[in-house]
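Step one of this worksheet: look at the structure below.
In each ligand, atom 1 is the first atom listed, and ligand 1 is the first ligand listed.
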Amino acid sequence: MTRTALITGITGQDGAYLSQLLLEKGYTVHGTARPSSTDNFWRIAPFLDRLHIHRADLLDQGSLIRLLDRCQPDEVYNLAAMSYVPTSFEQPLLTGEVTALGVARMLEAIRIIKPDIRFYQASSSEMFGATKDQTQDETTAFHPRSPYGIAKCYGHWTTVNYREAYGIYGCSGILFNHESPLRGEQFVTRKITLAAARIKLGLQEKLFLGNLEARRDWGYAADYVQAMWQMLQQEEPSDYVIGTGQQHSVQQFAEMAFEKVGLDWKRYVEIDSSLLRPTDVVNLCGNAEKAKERLGWTPKVSCKELAEIMVEADLARLSPKDQSNVST
Ligand code: NDP
Ligand code: GDR
């Protein structure tokens, strides 16, 4: 029988990769988009006609209840969130409403409408924040460093609590940073790859960045949505860290991206102190042993390959057709 999935935040990076994966697996795929004057469907445009899009907002309990009643999904992937850390410092209460309470609203809707739904919560390595541990796994203590990280901790523990209190099949995927050509332009990897491509093509002169020393475990979004799906196929629900176990600094990512276009990053990157965060996270590196053992999940794309894929995609997007093979 055809399985039915609902993805909140289907218009985002992960929503696009996950919906593609689920369509390939034969699912009927429903997704939520916020009501707005301009639709943000560019990431899902290639297969939009195969998706069922509904207007719903994590801020609105009634819209979520009606949504579940209409779709009757077997699986819900809760990807919707205010996901940009700097904005969470500017709008901490809105971040809490969407990224924290939004999870409780979705789980309440599940409890009311269809408690046998399998639920995936998009948790984040930002929950580890100021951790002193060199690598982080499912047992590492949380010490969030932003309103976003704090909100994600609430969502994580709410998922755990609904599992323990009501027997809901809820999994919290603690995903480390994952990127792709579909990444939003404000996130540092895409900001860098887009700038490297633009500078190569003579469309931009400088790239302004904040903290070059911050270190992240960067993986490829297409690999990570596979793990989300695998978590919901297990007999018992559980929480999983997903990361590559490899760490690079923002500076190293810039080096790799500029190298791809044959340029020296030092000539183009400048520091803009207004991009520094009130509190930042500087040392994240995931230990995904549990996911490897129980799900058989391993990452396929290295950070260097990822930087290259992203630069290539940005070059292709920016290049007029007759210049599409700009020498790299
Ligand atoms: P994006 O920012 O690309 O997408 C976020 C999605 O949430 C968008 O579809 C957005 O809709 C939607 N959204 C925002 N506010 C609301 C709201 N009030 N009601 C309904 N929908 C809303 O994020 P990613 O795809 O990168 O990430 C997916 C999830 O995974 C997020 O929860 C993120 O916090 C989490 N995460 C991401 C990681 C990463 O490295 N990418 C790592 C760990 C966790 P709209 O198009 O209208 O703005
Ligand atoms: P992050 O991603 O905060 O880890 O959250 P982001 O790419 O925004 O920042 C990563 C690190 O780079 C440093 N940095 C800059 N960041 C941005 N955005 N712009 C800059 O110019 C810049 N210069 C340096 C930051 O200080 C930071 O240390 C992402 C989001 O997808 C979250 O939703 C997700 O939960 C986490 O990854 C895991």
Side-chain angles (χ1 to χ4, degrees), residues 7-18 31-36 38-44 54-60 63-64 67 77-88 94-95 97-99 101-103 105-106 120-129 144-146 148-149 151-152 155-156 172-180 182-192 195 207-221 224-225 228 241-243 249-251 253-254 269-284 286:
I7 304 173
T8 70
I10 200 167
T11 58
Q13 170 189 258
D14 291 4
Y17 282 102
L18 181 63
T32 67
R34 286 187 285 178
S36 77
T38 325
D39 283 334
N40 178 25
F41 291 160
W42 65 274
R43 294 183 176 96
I44 50 175
H54 306 264
R55 303 293 164 177
D57 196 308
L58 285 193
L59 296 173
D60 189 275
S63 73
L64 302 180
L67 175 70
Y77 296 87
N78 187 39
L79 308 186
M82 200 310 291
S83 77
Y84 187 48
V85 172
T87 301
S88 80
L94 179 65
T95 302
E97 282 288 350
V98 178
T99 305
L101 286 176
V103 184
R105 289 191 193 98
M106 185 49 79
Y120 173 84
Q121 168 57 16
S123 292
S124 166
S125 52
E126 283 294 298
M127 301 190 302
F128 298 124
R145 295 269 282 174
S146 64
Y148 169 82
K152 282 291 179 185
H156 168 82
S172 171
I174 306 174
L175 272 52
F176 283 63
N177 298 53
H178 45 280
E179 321 291 314
S180 74
L182 300 185
R183 186 61 142 151
E185 292 177 16
Q186 73 273 47
F187 298 97
V188 77
T189 53
R190 182 79 203 291
K191 186 174 170 182
I192 291 170
L207 167 61
F208 293 95
L209 294 174
N211 184 2
L212 292 183
E213 303 307 317
R215 295 184 301 282
R216 289 289 187 279
D217 175 342
W218 278 297
Y220 183 36
Y224 285 42
V225 298
M228 295 178 187
V241 158
I242 299 295
S249 66
V250 171
Q251 179 177 314
F253 194 93
V269 171
E270 288 186 13
I271 303 300
D272 176 350
S273 57
S274 73
L275 295 169
L276 299 174
R277 299 174 184 183
T279 43
D280 203 357
V281 172
V282 293
N283 177 41
L284 290 179

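Where the criterion is an N or O separation shorter than 3.5 Å, residue side chain and backbone included, L79 meets it with respect to ligand 1. Backbone and side-chain nitrogen or oxygen atoms of T32 are examined, and none is located within less than 3.5 angstrom of a nitrogen or oxygen of ligand 1. Between S83 and ligand 1, a contact under 3.5 Å exists for at least one N or O pair. Considering both main-chain and side-chain atoms, Y148 comes within under 3.5 Å of ligand 1 through a nitrogen or oxygen pair.
Assignment of Q13 to the shell around ligand 2 is not supported, since no heavy atom sits closer than 4.0 Å. Contact analysis leaves Y224 out of contact with ligand 1, as no non-hydrogen atom separation drops below 4.0 angstrom.
Listed by number with element, the atoms of ligand 1 under 4.0 Å from a non-hydrogen atom of A122 are 29 (C), 30 (O), 32 (O), 35 (C). Contact atoms of ligand 2 toward S125: 38 (C) (distance under 4.0 Å to a heavy atom of the residue). Within ligand 1, counting atoms from 1 as listed, the ones closer than 4.0 Å to a heavy atom of F176 are 42 (C). Those atoms of ligand 1 that come under 4.0 Å of a heavy atom in S123, given as number and element, are 43 (C), 44 (C). Using a 4.0 Å cut-off to heavy atoms of N177, the atoms of ligand 1 that qualify are 40 (O).
The residue E126 has no part lying near ligand 1, judged by heavy-atom distances below 4.0 Å. Heavy atoms of N40 found under 4.0 angstrom from ligand 1 belong exclusively to the side chain.
Nearest to atom 39 (C) of ligand 1 among the protein's heavy atoms is H178 CE1, 3.3 Å.
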